[in-house]
Asker: 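Handing you a structure now.
Everything quoted here is computed from the prediction, not taken from an experiment.
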Amino acid sequence: MKKITSLLVVLMMLVALFTVSAFAIPEDINEDTCTVVKELVLKGTPTIDGKLDKMYTESLTLKLHGPADAYYISAGSCEDTTATGTVYALVDDNYVYVFYHVVDNTLIQADPEYIEIAAHPHLSDAVEVRVGDDLEDHFAPYDGSNDAHHLFYADAHGVRFSCYEDSMGDDVEKMKWKTVRDADGKTYYVEMAIPLQRPFEEGEIIEFEFQIDDLQDDMDSMCAVGSGYPHNLVQFKIGGNSSGATGSTDKPADPPKAEEPKEEDPKVEDPKEEEPKEEEPKEEVPGEEVPGEEVPGEEVPGEEVPGEEVPGEEVPGEEVPGEEVPGEEVTGEEVPGEEVPGEEVPGEEQKPAEEQKPAEEQKPADENKADDTTTEEGGSNTGLIIGIIAAVVVVIAVVAVVVSKKKK
């Protein structure tokens, strides 16, 4: 029994070590105010329009939240913030892309003059980004007071986007940004593109600090939350290409929209249901079918040689009632049950054939949905796999011990 216990303890320690390494978060992350969802910065080229491209969700993803005092000393009477946000990052050969989605229940605008004139108008509702590369020359030389990183600022109302002290020199002119606010008055999005002088390679390190500034209602107090600790950047690794690295991530979202008219195709079936209504006059005709019952026998040749019946010898004697034949042929469609499907069914069969086409076209729609869900389920199952392996090892060890005892 002691051997079994000691063996289980060793296995549990090994599983714990593997689990910790599998879910290790980057150093210097402030776990009180930041939750790491995905830590690799993937490659992709989004459109700078303030809208979240799908490729962002595959790359570096962090959630920022309070308590504010766990990040930085609040100004004025501010004690905490309800502002929360999700921040994403991508890179390509020319830019680093950052996207903020912020929800701030006290979203207000500071004095626009202050925002435009101040060197760094942090007393406002805004987002900040510090970015660096450990002096590896991916960015323009650091000409400002921050000798190891560049600082960027964007207010929530789209008044200003700036690089602190214009530390990027002429590259400041290459910066791109877009701010969008929702009609709810508390949600805003900021997307920015920071120019590179040298592309990042897979496996290299990029440094970020992300921060949300929350100006309170009294206009003189402010709280902030961030990914690390004030002015301390966190290192993240560059990964491979995102699924939309060519800038086509928005395209997978288009097919479902195109499928909407396909779903309307079944509505075309409504007139097909009206076809039985056309049979109602056929029920009225059966009254005329009584004398016309003798005609069906003549209709067989009448249909095959419609052109010959007119000059036929039967015209003088029988054509008087025979003239009713064309009228009875309408009713006659019901009498000879086989003749009706013979002429009309082919036309009807083409309609259900059209019904089958939309049914087949809907199949790729489901596949697209499946693709979307698989894209959204991206993430690591390493911890789960390790847990399963550990459980199997424990079971094997216990069985081995029991078997050895039985042999003794």
Asker: Above 12 or not: heavy atoms from other molecules or residues under 6.0 Å from CD of Glu79?
Answerer: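 Not buried by this count: 12 neighbours or fewer within 6.0 Å.
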
Asker: Under the side chain to side chain donor-acceptor pair (under 3.5 Å) test against His65, which residue among Thr82, Thr35, Thr86 passes?
Answerer: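 Filter result, single survivor: Thr35.
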
Asker: In Å, rounded to the nearest 0.5 Å, how long is the span from CG of Asp171 to CD1 of Ile194?
Answerer: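 Between atom CG of Asp171 and atom CD1 of Ile194 there are 11.5 Å.
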
Asker: I need the minimum non-hydrogen distance between Glu209 and His231, along with the two atoms involved.
Answerer: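 Minimum heavy-atom contact is OE1-N, 3.2 Å.
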
Asker: Apply side chain to side chain contact (heavy atoms under 4.5 Å, CB included) to Phe208 and Leu62, showing your working.
Answerer: CA-CA 11 Å; Phe208 286 114; Leu62 307 177; over 6 Å; no

Asker: Would you please test Glu128 and His120 for side chain to side chain donor-acceptor pair (under 3.5 Å) and show each step?
Answerer: CA-CA 10 Å; Glu128 300 182 31; His120 183 61; 3.1 Å; yes

Asker: Take atom OH in Tyr95; do more than 12 heavy atoms of anything else shown fall under 6.0 Å from it?
Answerer: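 Yes, OH of Tyr95 has more than 12 neighbouring heavy atoms, counting only those of other groups under 6.0 Å.
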
Asker: Check Lys186 against Asn105 and note the closest heavy-atom contact, atom names and distance.
Answerer: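 Closest heavy-atom pair between Lys186 and Asn105: CD-OD1, 3.4 Å.
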
Asker: Kindly compute the distance separating CD (Glu31) from CG (Asp28), expressed to the nearest 0.5 Å.
Answerer: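 One finds 11.0 Å between CD of Glu31 and CG of Asp28.
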
Asker: Are there more than 12 heavy atoms of other residues, nucleotides or ligands under 6.0 Å from atom CG of Asp170?
Answerer: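 Atom CG in Asp170 is not packed in, count stays at 12 or less.
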
Asker: How about His150 and Tyr164: are their ring centres within less than 6.0 Å of each other?
Answerer: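 Not close enough - the centres of the two rings lie 6.0 Å or further apart.
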
Asker: Nearest heavy-atom pair of Thr57 and Lys54: which atoms, and what distance?
Answerer: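 That closest heavy-atom pairing would be OG1-O, 2.6 Å.
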
Asker: Under the criterion side chain to side chain contact (heavy atoms under 4.5 Å, CB included), I'd like the reasoning laid out for Asp69 against Ser74: C-alpha separation, chi angles, the key distance, then a yes or no.
Answerer: CA-CA 7 Å; Asp69 59 3; Ser74 301; 5.6 Å; no

Asker: Roughly how far apart are Asp214 CG and Asp125 CG, rounded to 0.5 Å?
Answerer: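 Here the interatomic distance stands at 5.5 Å.
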
Asker: Hey, could you give me the SG/CG distance between Cys223 and Asp104, rounded to the nearest 0.5 Å?
Answerer: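 Reported value, rounded in 0.5 Å steps: 10.5 Å.
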
Asker: For the pair Leu151 and Gln211, evaluate side chain to side chain contact (heavy atoms under 4.5 Å, CB included) and give the outcome as yes or no after the intermediate values.
Answerer: CA-CA 11 Å; Leu151 170 60; Gln211 179 176 316; over 6 Å; no

Asker: Please tell me whether Ser124 and Tyr153 have a donor and an acceptor in their side chains that are separated by less than 3.5 angstrom.
Answerer: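 There is such a pair between these side chains.
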
Asker: Are Gln109 and Val159 close enough that some pair of their side-chain heavy atoms sits under 4.5 Å apart?
Answerer: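 Yes - at least one pair of side-chain heavy atoms lies under 4.5 Å apart.
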
Asker: Between Phe161 and Trp177, what is the ring plane arrangement, given parallel below 30°, perpendicular above 60°, and tilted in between?
Answerer: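 Ring orientation of Phe161 relative to Trp177: parallel.
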
Asker: Does a side chain donor of either Thr179 or Asp155 reach within less than 3.5 Å of an acceptor in the other side chain?
Answerer: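 Checked: Thr179/Asp155 side chains show no N/O donor-acceptor pair below 3.5 Å.
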
